[in-house]
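In what follows, chains are A, B, ... by sequence order, proteins preceding strands, each numbered from 1.
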Amino acid sequence: MIELVWLIPLFPAIGFLFNGLIGRWFNLDKRIVSWVACAALGLSFLFSILVFFALLKIAPEARDAVPDKVLFDWIVSGDLKTVIGYKVDPLSIIMALVVSGVSFFIHIYSVGYMHDDPGVTRYFAFLNLFVFMMLTLVLANNFLLMFVGWEGVGLCSYLLIGFWFDRDAPANAGKKAFVVNRVGDFGFLLAMFLIFAHLGTLEFNGVFAGAHSLDVVTVTLITLLLFVGATGKSAQIPLYVWLPDAMEGPTPVSSLIHAATMVTSGVYMIARCNILYSMAPVSMAVVAIFGAATAIFAASMGLLQFDIKRVLAYSTISQLGYMFLAVGVGAFSAGIFHLMTHAFFKGLLFLGAGSVMHAMSGELDMRKMGGIWKRIPITFWTFLLATLAIAGIPGFAGFFSKDEILWQTFNSGHRYLWLIGAAAAGMTAFYMFRLVFVTFFGRCRASEEVQHHIHESPPVMTVPLIVLACLSVIGGYVGIPHILGGRNIFHEFLQPVLGGHPEATGHATFSLVKPAFASEGAAMGNGINMELLLMGASVAIALIGIGIAFYLYIRKPEVPKRLGERFKTLYTIVFNKYYVDEIYDACFVKSTKRLGTFFWREFDDGVIDRSVNMVAKLMLWLGGVLRRIQTGRVQGYALGIILGAVVIIIFLMR
Amino acid sequence: MEFFQVQFSKADLLVVAPELVLAGFALLILLMSAFIRSERKGFLGYTALVGVIVAFVSLYWEMGIEASAFSDMVRIDPFSLFFKVMILIIVLLTVLISLAYVKREGIDFGEYYVLVFFAAVGMMLMASGANLLIIFLGLEVMSISIYILAGIMRDDVRSVEAAFKYFLLGAFASAFLLYGIALTYASTGTLDLGGIGRILAERTWINGLPILITGLALLIVGFGFKIALVPFHMWTPDVYEGAPTSVTAFMATGVKAAGFAAFVRVFFFALPSLQPYWTEIMWGLAVATMTVGNIIALSQDNIKRMLAYSSIAHAGYILVAFVAGNELGQSSILFYLLAYCFMNLGAFTVVILLGKKGEENTLISDYAGLGFGHPLLAVAMAIFMFSLAGVPPTAGFMAKFYVFSAAVKANYYWLAVIGVLNSAVAAYYYLRVLIYMYFREPEKELTIGGFSPAAVLAVIISVWGVLHIGILPSAFLSLARRSIEFLL
């Protein structure tokens, strides 16, 4: 069964080819196109499940040693031998399940959401291509194939953000996403070159087996460069700026690509390279610090936005920050756990937002909504469940995963990072409930005409909402911590790949700040109490966040405005997202453009073009001259042969 | 003189099975053409097609065999098998493109296919000959057939002129080759390639080194003429332009492949001990061939002439691999020839498809606007041009890549640099075709005189070959390596 892993990415590829070639060429009916796309994903999901169960049958300690499924040699050049091969181990199969599963439901949702769009064939072709690339990324057994997927999802992201390319905003947003990602990809490429230069292979098995021979400096450099790649794809500081703009794409795309799957590939990549990262404490610290900083920075930007998709976008950046915090403190499985639960509830939140837009005639500004919860009950209740999950309310998926991250952070001795994470959790609870309260409660502020049209979405859209809502509720129960009487099955499953013990990861890997602290705490025997204490604290923080939101937006809706006027400067800065886009524009974009213009005008036109043109003219002239030797006279030709022979003989006899 | 007493058994016949099949079918077609009514002459072409396929099947029995036959005159080994397959592919594509073309041009004689088949037999003998005389015989069988093919358009002055020139100069060059063989025999006392190799390795030659070296020089001239190395290339543009286009395609690929097969076998198998002598010569020939070929191609307006100079330049690139002489270099000679045969045949097929009776449309400016009138054909042409220019992901790119990396590995940095500069120059005239196809308004109506399905099939096969080799090159490179490693 496991050998059939190559079928998982194959089905979306077939779907892409079918829709992209046959569907476009023959202008097939959009029902055929949509259901082909969904069926491809359904099969892909089915095979992911089958492979998953096949893997479960293998003894846990052997699960990371399943032989790679190599389809064929791809590039063989000198010492470089790259194959098209897929790796099946707990980590990759979890990713494949999440990607194919969530994609499947989002595809179904899209059937309803994109119903009236004329470009639906193109949409589904790209969406299938995206899933193919994403599955290639997570199942690849070497860095180069992973990079193919990495670039492929970037391409699809670009194509789908700019799906409505006849409008300026989406086209520019797509361009921005692409350019910013290229900065990150550069890091990934350099890291790959370094790995190949030092280890002579790009296959994961070979690289990780040989990693111990690397010195600390090299491995730190490699891991930092990989992290640069991750900051681009996963929208971390300083390369997060493209994600909010990416919301210009269709909402299911935001849900699939910019919340559930693609943006998490940086986390997956670092978890995949956990052996390298464990050897480079400095890189780990960098990852953790950037993750925590992104978590709180993005959360604060989400506080004051009015566009519901943008709030969710900043929330995504912030949650990705949590995942990086987790892998940065060595809690790799906690990071993947949060990746999975986040895929459920954030995917759902975006789909819910899409459903709200559907009901509100495309409106995105929450100031023009309100009081609609009774009119679209399924959307509201599922949205609420996802919000409870992301806010970290006990019993919901997000609680278990986020809490594990915070505890692991604290336990590994990063008390300040814990504090940041907890604060960001409070902000998360606040802005999410602000979103719920303003959007669904209070007085309806939409125009008469819009109000008239408010209606629940069709079942093809609500069923995926319900499924994802169920997952947002129960998805966390695979990782109940020991302290609450669970076994953390999720962690045990990933252990062969990611190593460590749920309680011991922090101790074993590293502690930059205060190595003694963690063991000290454990030795004192109050580690467990501490864990419960912190859990209580983070729940309390979340509840406080919700309480403030409730006070400000339900009880006293006039207060926020007054506060905004009182702290005008702060409000303006945060509302304008700290002017980061403007700063980047001034520092990088404008100066690069100026430099480009200079080189174009002065250097390119003046020096290069002129000399190239000279060479070209010289060559053409030479051609014209040499051509005259070609007289057409046989005698001349024979003479040429004789002269050639004579020259050769003389040369040899010298 | 006991080695001239040829004895043979039935097992020997297997070694030359495809040659026998082709010769047999050639005779059959000759016989048929005497009786067939003139309006049913198309049937001859289909018989030829069957012949090629039977020859392919007969190759199947030779797979994996390594044997020599007729008292070590001919060998079957991975090397000759590689070239036999390649030559059969070339013959197959040639027959496919000829089916409609010969009818259109009024040269649908049975002799056309007969000569193509006899030429192919000669080519195969060149690739599998283990004796200098057999190689020479193969070369003559091939050459004489081609002389006639080039002049088969009897009423066309240019065709006759091409045939005459080719014949005169070819005979001239054959004399050089034969003289070289004679001198080699004079100093080693044998014509057997393996025997020559042994004697040279043991340094037990009979006569002095000068005779041997002169023989070497004359061999280079003789082979150099067939594969059109500068300065033995001057016949190429006139002949390529004058000959019927299908014959040009056949010559540009088949003759070159067979010439290189014999060249490689003689030099790497029989004369490797003389490598210090011939490497420098080859270095100079490679540089001259690439540079002259590319530079004169720049100023050509006729696409057949342009492709003729381009084929000269390509022989120069292959010679770079020859000079490098290392494992990668030798495999890349074979790899390059395979890539070259697909892209060049493909390009000539497009040229044929665009012409009609009395109006060949062989000026590059005739291609103006092709991209809009016949988008699919233009895409195919663009792929062939990109491949000839060496742009990824085509076969031409990988071939150049392997050749130049072989040169770098063998520390021939300058040669690699000159080669790369040359391919930069070459891009100009290949891309010019694209410019005309996509950025110029058509000057006149381009009507295609009815697509022949067989020629379209040939285009499809060529496109497939160019892209498959370009995207998944490693299987072909290892095939090339396996085919040549046993020689060394």
Select, from [options], the one with the greatest count of heavy-atom pairs under 4.5 Å involving chain A.
{"options": "B:G224, B:P237, B:A173", "answer": "B:P237"}
{"options": "B:Y428, B:F164, B:Y309", "answer": "B:Y309"}
{"options": "B:A288, B:A217, B:S405", "answer": "B:A217"}

Step through the shown structure and confirm whether more than 12 heavy atoms of other residues, nucleotides or ligands are within 6.0 Å of [atom1] on [X].
{"X": "A:Y158", "atom1": "OH", "answer": "no"}
{"X": "A:F186", "atom1": "CZ", "answer": "no"}
{"X": "B:Y179", "atom1": "OH", "answer": "no"}
{"X": "B:F167", "atom1": "CZ", "answer": "no"}
{"X": "B:F401", "atom1": "CZ", "answer": "no"}

Passing candidate, side chain to side chain contact (heavy atoms under 4.5 Å, CB included) with A:Y637, options B:L168, B:L169, B:T236 = B:L169

Relative to chain A, which segment of [X] carries a heavy atom at a distance below 4.5 Å: side chain, backbone, both, or neither?
{"X": "B:L209", "value": "neither"}
{"X": "B:F172", "value": "side chain"}
{"X": "B:L328", "value": "neither"}

Separation of [Y] [atom2] from [X] [atom1] (nearest 0.5 Å):
{"X": "B:Y277", "Y": "A:M653", "atom1": "OH", "atom2": "CE", "result": "9.5 Å"}
{"X": "B:L216", "Y": "A:I648", "atom1": "CG", "atom2": "CD1", "result": "9.0 Å"}
{"X": "B:W235", "Y": "A:I641", "atom1": "CH2", "atom2": "CD1", "result": "9.5 Å"}
{"X": "B:L472", "Y": "A:W74", "atom1": "CG", "atom2": "CH2", "result": "10.0 Å"}
{"X": "B:W278", "Y": "A:L652", "atom1": "CH2", "atom2": "CG", "result": "12.0 Å"}
{"X": "B:K165", "Y": "A:R633", "atom1": "NZ", "atom2": "CZ", "result": "10.5 Å"}

Considering non-hydrogen atoms only, spot the tightest contact between B:P231 and A:G644 and give its length.
-> CG-CA, 3.7 Å

With B:E280, which residues qualify under salt bridge (Lys or Arg N to Asp or Glu O under 4.0 Å), at least two apart?
-> A:R654

Pull out the residues in residues 291-300 of chain B that come under 4.5 Å of chain A, heavy atom to heavy atom, sorted by number.
-> B:I295, B:I296, B:L298, B:S299, B:Q300

